[in-house]
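The structure appears below as structure tokens.
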Amino acid sequence: MDEIGLSAGTVALVLLLLVFPALVFLTSKVRAGKSGNLRQISGLEDLPVSVGRSAETGQPLHVSVGVGGVGGLSTAETWAGLTLLTQLADEAASCDTPLIVTVADPTVVPIAQDILRRASIRHGNPDGYDPTQVRFIAPIPMAYAAGVSGVLEREPLTGSVMVGSFGDEYLLMGQTGARRSVHQVVGTSDPATLAQVYASADDTLIGEEMFATGAYTRKLPIQIGSLLAEDWGRWAVAAVIVVLAIWKILTRA
Amino acid sequence: MVILKRTLPTALAIAVGLFVLVALLLPVPLLSTIGTYFIDCAVIIAAFALFLGLLNVVRVHLHHIRERTKTWPYSVLLLVALFAVLAVGLVTLTPSQADQSQPSGPSHPALQWIYTNVMAPIQATFGALLAFLTLAAAYRLFRIRDAASVVMLVVTLLVLAGQASFGLLPVLPELRDWILDVPALAGMRGILLGVALGTVLAGIRLLLGVERPYSD
């Protein structure tokens, strides 16, 4: 961006100024019932099924929010995982389903514990909260993957939901889950890791789909509006790329 | 109680988040100083979280030992190793009085020895396993008979053939480069653009208090 004289802060400000009005406009359209159809994402639609299966069998569901923490470069991905954990904790607490939450960054430990504790209280079962449901495995990605592989190998799980920041170490966990036929829903943003996820998980949340979990589960107008704004943004970026490509071809000729 | 449990944390999070964002976007020195102060506070809290993480590890594994779960011997081993390394770290935390120039803390030779001879080889071993796991994942994928699997199989075979054509078919390396530089790169950029837009909108939802895993 420096090449065209724009700082990262300026680009972020422009992006915000473009996206925010679109978000307000589309949210009002969703509120008025004029828009709001979401495309199907099988991974997100299967989540209540995974919780239900855990409730029927009494076996826990594994949840991972990735190897990142809150406060670093992967905060957005970790936050997406924690948003999903909030939904899963509510559904699990409503049908008394045990969750095993594995984390790799200590900053996530108190947040994840608080999410589970509040879900238990909301559903009138404060004694159902067990702080050892959240397990801090290791802050090093490979050590975390080895620890989670052990959980997937030894615990009688019905499913594994992993949404957050993952790297190459994902394969250790993904292949262990696949070998044990644990139903896996995995979402991450790193394109190189996504290829590995696609090869080993049952359902994949590709890139921005992991940020859409709230809209699919809570369906608030502003959440649906933000997904529509995202789609508008994508079309706008695609149009700009095509126009610039044509312009470059023409000026070269 | 609602104010303490819901309104106050949400208002604080929104206010601090907006302040740091404005400090990032507008080049005003005072805003920048206060924004940096908030970020420093977050770093200190994160450092304290490591202590909470340690307590969590001890609690989880003591639970395993108390309940005699299937894996309780591993929990004993883990706790012994944890406290042994912690003890070494605490003992070597300050430089010795005799030789102040000797490194202390994480760079002390004792901790370096543990890292080089225990941690690094174990990590390297797991890293080496990834090649075999990739092969197993590919095998699993190619057994699935849908259009996407067929496309992935054909593309993988073409890229592999381009990588190991030994000069027999010059077109294969060119085809491999084209696959990697055009469709694969375009797909990756598409994903990254989507992630960038998703991150911006997730940030806005967070700043508006729509999604707040930190409070009711």
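In this text the structure is predicted, and so the values were computed from the model without any measurement.
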Report which part of [X] has an atom under 4.5 Å of a heavy atom belonging to chain B: side chain, backbone, both, or neither.
X	result
P139(A)	neither
A229(A)	both
L171(A)	both
Q113(A)	side chain
I241(A)	side chain
T86(A)	side chain
R179(A)	neither
D168(A)	both
I121(A)	neither
L172(A)	both
Q175(A)	side chain
L82(A)	both

Backbone N or O of [Y] within a donor-acceptor pair of the [X] side chain at under 3.5 Å?
X	Y	result
D202(A)	Q184(A)	yes
T176(A)	E153(A)	no
T78(A)	G69(A)	yes
D90(A)	A119(A)	no
Y198(A)	I206(A)	no

For chain A, which candidate among [options] shows the most heavy-atom pairs at distances under 4.5 Å?
options	result
G127(B), A137(B), G203(B), A46(B)	A137(B)
I39(B), T69(B), L130(B), V43(B)	L130(B)
L50(B), V195(B), L24(B)	V195(B)
I191(B), L25(B), L78(B)	L25(B)
L208(B), L52(B), L197(B)	L197(B)
A202(B), G190(B), A42(B), A136(B)	A136(B)

Heavy-atom distances under 4.5 Å only: say whether [X] touches chain A with side chain, backbone, both or neither.
X	answer
H61(B)	neither
I204(B)	side chain
V210(B)	both

Atom [atom1] of [X] and atom [atom2] of [Y]: how far apart are they, to the nearest 0.5 Å?
X	Y	atom1	atom2	result
R205(B)	L220(A)	CZ	CG	10.0 Å
T102(A)	M173(A)	OG1	CE	7.5 Å
L206(B)	T75(A)	CG	OG1	10.0 Å

Check your understanding: Does the side chain of E77(A) come under 3.5 Å of the side chain of S189(A) through a donor N or O and an acceptor N or O?
Key -> yes
Point to revise | Salt bridge present between R180(A) and E155(A) (N-O < 4.0 angstrom) | key: no
Practice item. Using the six-membered ring wherever Trp is involved, compare the ring planes of F48(B) and F51(B) and label them parallel, tilted or perpendicular (cut-offs 30° and 60°). Key: tilted
Point to revise | Aromatic plane relationship, F25(A) with W232(A) - under 30° parallel, 30 to 60° tilted, over 60° perpendicular | key: tilted
